[in-house]
Visitor: 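Quick one: this structure, given as structure tokens, is what I'll be asking you about.
We name chains A, B, ... by the order of the sequence lines, and we start the count at 1 in each one.
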Number of protein chains: 2
Amino acid sequence: MAEKDRGNAAGVAPAQGAPRRSPRQLSIKDIARIARVSHPTVSRALQNSPLVNAKTAEKIRRIADEAGYRASAVARGLVTRRTRTIGLVVTTVADPFASEVVCGVEQTANDHGYSVFLADSNADPERERKVVQAFAERRVDGILVTSSRVGALYLPMLAQMQVPIVLVNDQYPGAFVHSVMIANFEGMRAAAGHLVELGHRRIAYLGDQFGYQSDAERLAGFRAALESASIPVRSQLIAHGDGKPEAAMAAMKALLAARPTAICCYNDMTALGATHQLRAHGLRVPKDISVTGFDDLFFAAYLEPPLTTVRQPMRRMGQLAMESLLRLMSGEESVPQIRVDAELVVRASTARMSGRG
Amino acid sequence: MAEKDRGNAAGVAPAQGAPRRSPRQLSIKDIARIARVSHPTVSRALQNSPLVNAKTAEKIRRIADEAGYRASAVARGLVTRRTRTIGLVVTTVADPFASEVVCGVEQTANDHGYSVFLADSNADPERERKVVQAFAERRVDGILVTSSRVGALYLPMLAQMQVPIVLVNDQYPGAFVHSVMIANFEGMRAAAGHLVELGHRRIAYLGDQFGYQSDAERLAGFRAALESASIPVRSQLIAHGDGKPEAAMAAMKALLAARPTAICCYNDMTALGATHQLRAHGLRVPKDISVTGFDDLFFAAYLEPPLTTVRQPMRRMGQLAMESLLRLMSGEESVPQIRVDAELVVRASTARMSGRG
DNA sequence: GAATGGGCCGTACACGTGTGCACAAAGGGG
DNA sequence: CCCCTTTGTGCACACGTGTACGGCCCATTC
């Protein structure tokens, strides 16, 4: 109701404020009239149906093309009950990881004739509610959620929609919920193992308190690497930020008391903040302390020093998620969980441990 | 057609491959039956129309709520001829500038009951064509384009749509095309002026060959700063990349022959690549050479050294663009061009010129 | 020549919502 | 008591597309 007030100011007659109805798009019937056929014939001709004579079909298509006719997807959606539309939920597009995934999703969706509704929840429950409601009203054929805590809020609403769902880097117990996951455990184990091989023993982990499953799995991988080298995992060497540079700085500050010689960060954004904090304390990377990230975002290779990190094929994961969703929407069975391999990319932010530690 | 093959493997009968029609959503008529009223009454009740008795309206709303009813936006769109939907075109969401703008757009769109179709063109003409066609078929109420060359392709198709359009950081001569622009000229002039004040005289400009108007304006600002200090602008000190780090590295390499002591980059992504190249050549920033960026992306403050740059309020610009579009869609007149101020943010990648130059 | 059948096309719906209009009921004034 | 106004409700459309069904025409066959 608030937005109703925006248009017409109180009392005053609207200047030219009548919400413009478009001046009448031309419809299938207009084409039919020009071509001197009935509108179903036009409909069939444009669908390349074999039920219509090849000559007339060609003529109709030509006329439609010259008139610049565009079939209304909304009318079609109403009758076919499939909108060829998906909803894409993301905590925030401003996060580079998310935007890469979005990119992959959008490309393959378009390639298959689907349009995507983008919505970022900002991790705000109220906004999440509105988003899901909007998707429900838009009658999307499927939903794709990336890097968001799938809260208790989603479930009941989504269940009511009876629409297939695919999660990226998250899981949810439920019949119609599938997911695409990176190998969190193995990826982080490789990163930590790399540090172990370089002779480090006081290795810290800087996680993401909102990472939930991803964070748990990466931490587990971290632990596994240390334990298999018989290095005790000390709680003073574990801290959590929120996956963004700012909070990472604070968490890093706290970790410094334990004097780590290396640190595994939950993701590259965290590594960005952590490294910045290290410099503020006069520590040099990697001479005094080694740092690893996770994701391999576009900037990782361009940092000083270039960041050793675990590569996630984010765009590819978006593509896989969309393809999985496409299968579900067409009624096929699909593997409920797709696992993608992670790859350790060694650059210059990690080095053999020096004397200092 | 290629995608048809993906689902059902050649020859084999599709397992349960019938495109699932959703099992019948419940409609306004179902609610009407339960409430023992006619469906128009339900329609009016849910719109809070004063034409329906307060008691019955309340009862209807309660029933609808309990049944989990969600009005079909597609049916509503068909009859009202307004979908409350906008199309958002972007060269690629993976670009941090774009994703920030997208973020601002999406937020204010949702706040006003609009959903946004996201599409990235990838600067591919064929894809652009498909995108615009999809928007036309979806019957979007408006279109928003950010940081894309608005090619000759767009115009005829968009003109046919008769839909308001708002451009971010681009302009187009045309009746219904509005725009939101950053102060490119003043921003870059401030950055270059800053370098001049620091005593630099051999200042290079590393532009974006696809930046068109933005690049032209920023280059003009660069020139103005130098000329007002009576510094000649030498062509060997001007090069162009494509707005991304990789191409910036190549362009930077070429510039080094002219031995600049400072460099103004078209944007932060360019600065990222340029700086990387400088280091590869053993040059220290800012001791040997100063660098400035443009945008103030999230990583700018976290680089080593933190990047001096020109801040663009990207999210705010997305918001302004969407608000402008909202006005246009509601038939109001709106200022055809909104100009946003840029702000120089001085950090540590620029320093007083040392002896070397 | 009539019956049969196939190829094309039109008629009549349906999808779910919004809205102009008629109309019934209630109330109020003469 | 009648008429007129007000208030609330239902009827009948419309939006643009897809599709089951019937029917026409013409060719073919017996």
Visitor: Tell me every residue that passes salt bridge (charged side-chain N to carboxylate O under 4.0 Å, His left out) with Arg127(A), counting only those two or more places apart in sequence or in another chain.
Guide: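 Scan of Arg127(A) (salt bridge (charged side-chain N to carboxylate O under 4.0 Å, His left out), adjacent residues dropped) gives Asp111(B).
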
Visitor: Both Ser38(A) and Ala73(B) contact DNA chain C. Taking the nearest nucleotide for each, which residue is further toward the 5' end?
Guide: Ser38(A)

Visitor: Report all side-chain donor-acceptor pairs from residues 34-43 of chain B shorter than 3.5 Å, counting only partners two or more places apart or in another chain.
Guide:
| residue | atom | partner | partner atom | Å |
| --- | --- | --- | --- | --- |
| Ser38(B) | OG | Thr41(B) | OG1 | 3.2 |
| Ser43(B) | OG | Gln47(B) | NE2 | 3.1 |

Visitor: Taking NE2 from His39(B) and C1' from dC15(C), how many angstroms apart are they, rounded to a whole number?
Guide: 12 Å

Visitor: Are any of Gln47(A)'s side-chain N or O atoms less than 4.0 Å away from OP1 or OP2 of dT19(D)?
Guide: yes

Visitor: Excluding sequence neighbours, so at least two apart, what forms side-chain hydrogen bond (donor to acceptor under 3.5 Å, both in side chains) with Arg138(A)?
Guide: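 Applying side-chain hydrogen bond (donor to acceptor under 3.5 Å, both in side chains) to Arg138(A) gives Thr85(B), Ser115(B).
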
Visitor: Rounding to 10 degrees, work out the angle separating the end axes of the helix from dG1(C)-dC30(D) to dG30(C)-dC1(D) (five pairs an end).
Guide: 70°

Visitor: Can you list everything that forms a side-chain hydrogen bond (donor to acceptor under 3.5 Å, both in side chains) with Arg61(B)? Sequence neighbours excluded, please.
Guide: Asn48(B)

Visitor: Hey, is the side chain of Tyr69(A) poking within less than 4.0 Å of OP1 or OP2 on dT17(D), counting only N and O atoms?
Guide: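 Looking at the OP1 and OP2 atoms of dT17(D), one of them is under 4.0 Å from a side-chain N or O of Tyr69(A).
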
Visitor: Taking side-chain hydrogen bond (donor to acceptor under 3.5 Å, both in side chains) as the test, write out the residues that go with Arg315(B), two or more places apart.
Guide: Glu100(B)

Visitor: Using atom NZ of Lys29(B) as one end and atom C1' of dT17(C) as the other, report the distance to the nearest whole Å.
Guide: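 It works out to 9 Å between those atoms.
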
Visitor: On a heavy-atom basis, which atom in Phe135(B) and which in Leu88(B) lie closest, and how many Å separate them?
Guide: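 Looks like CZ-N, 3.6 Å.
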
Visitor: Using only side-chain N and O atoms of Ser43(B), determine if any of them is under 4.0 Å from OP1 or OP2 of dG18(C).
Guide: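 Checking Ser43(B) against dG18(C): at least one side-chain N or O falls below 4.0 Å of OP1 or OP2.
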
Visitor: In residues 52-60 of chain A, which residues come under 4.0 Å of DNA chain C by heavy atom?
Guide: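 Those residues are Val52(A), Asn53(A), Thr56(A).
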
Visitor: By side-chain hydrogen bond (donor to acceptor under 3.5 Å, both in side chains), which residues pair with Asn122(B), not counting sequence neighbours?
Guide: none

Visitor: Give a yes-or-no answer on whether the side chains of Ser334(B) and Arg327(B) include a donor-acceptor pair shorter than 3.5 Å.
Guide: yes

Visitor: Nearest-Å distance, CD1 (Ile31(A)) to C1' (dT17(D))?
Guide: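 Going from CD1 in Ile31(A) over to C1' in dT17(D) covers 13 Å.
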
Visitor: Below 3.5 Å is the cut-off: list the nitrogen or oxygen pairs between protein and nucleotides 20-27 of chain D, distance only.
Guide:
none

Visitor: Rounded to the nearest Å, what distance is computed from the CG atom of residue Leu46(A) to the P atom of nucleotide dG16(D)?
Guide: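 So the two atoms are 15 Å apart, to the nearest Å.
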
Visitor: Name the nucleic acid region contacted by Val37(B), choosing base, sugar-phosphate or nothing; use a 4.0 angstrom heavy-atom cut-off, strictly under.
Guide: sugar-phosphate

Visitor: Does Arg76(B) put a side-chain nitrogen or oxygen below 4.0 Å from OP1 or OP2 of dG18(C)?
Guide: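 Yes, such a contact exists.
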
Visitor: With the side chain of Val79(B) defined as its heavy atoms from C-beta on, choose the nearest nucleotide among dA14(C), dA14(D), dG10(C).
Guide: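 So the side chain of Val79(B) is nearest to dA14(D).
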
Visitor: Can you name the closest pair of heavy atoms from Pro164(B) and Leu328(B) and give their distance?
Guide: CB-CB, 3.7 Å

Visitor: From CZ of Arg33(A) over to C1' of dG10(C), roughly how many Å is that when rounded to an integer?
Guide: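 About 16 Å, once rounded to whole Å.
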
Visitor: To the nearest angstrom, how far is Leu78(B) atom CG from dT19(C) atom P?
Guide: 13 Å

Visitor: What integer distance in Å separates Arg82(A):CZ from dT19(D):P?
Guide: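 These atoms are roughly 12 Å apart.
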
Visitor: Measure the distance from CD on Gln25(B) to P on dG16(C) and round it to the nearest whole Å.
Guide: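 Atom-to-atom, Gln25(B) to dG16(C), this comes out as 9 Å.
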
Visitor: What pairs with Glu137(B) under salt bridge (charged side-chain N to carboxylate O under 4.0 Å, His left out), at least two apart in sequence or on another chain?
Guide: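 For Glu137(B) there are no salt bridge (charged side-chain N to carboxylate O under 4.0 Å, His left out) partners, ignoring immediate neighbours.
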
Visitor: Checking Arg62(B) now: which residues fulfil salt bridge (charged side-chain N to carboxylate O under 4.0 Å, His left out) with it, not counting sequence neighbours?
Guide: Glu66(B)

Visitor: Would you mind telling me which of dG16(D), dG18(D), dG10(C) lies closest to the side-chain atoms of Thr41(A)?
Guide: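 Nearest to the side chain of Thr41(A) among the choices is dG10(C).
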
Visitor: Which residues pass the ring pair (Phe, Tyr, Trp, His ring centres under 6.0 Å) test with Phe117(B), not counting sequence neighbours?
Guide: Phe117(A)

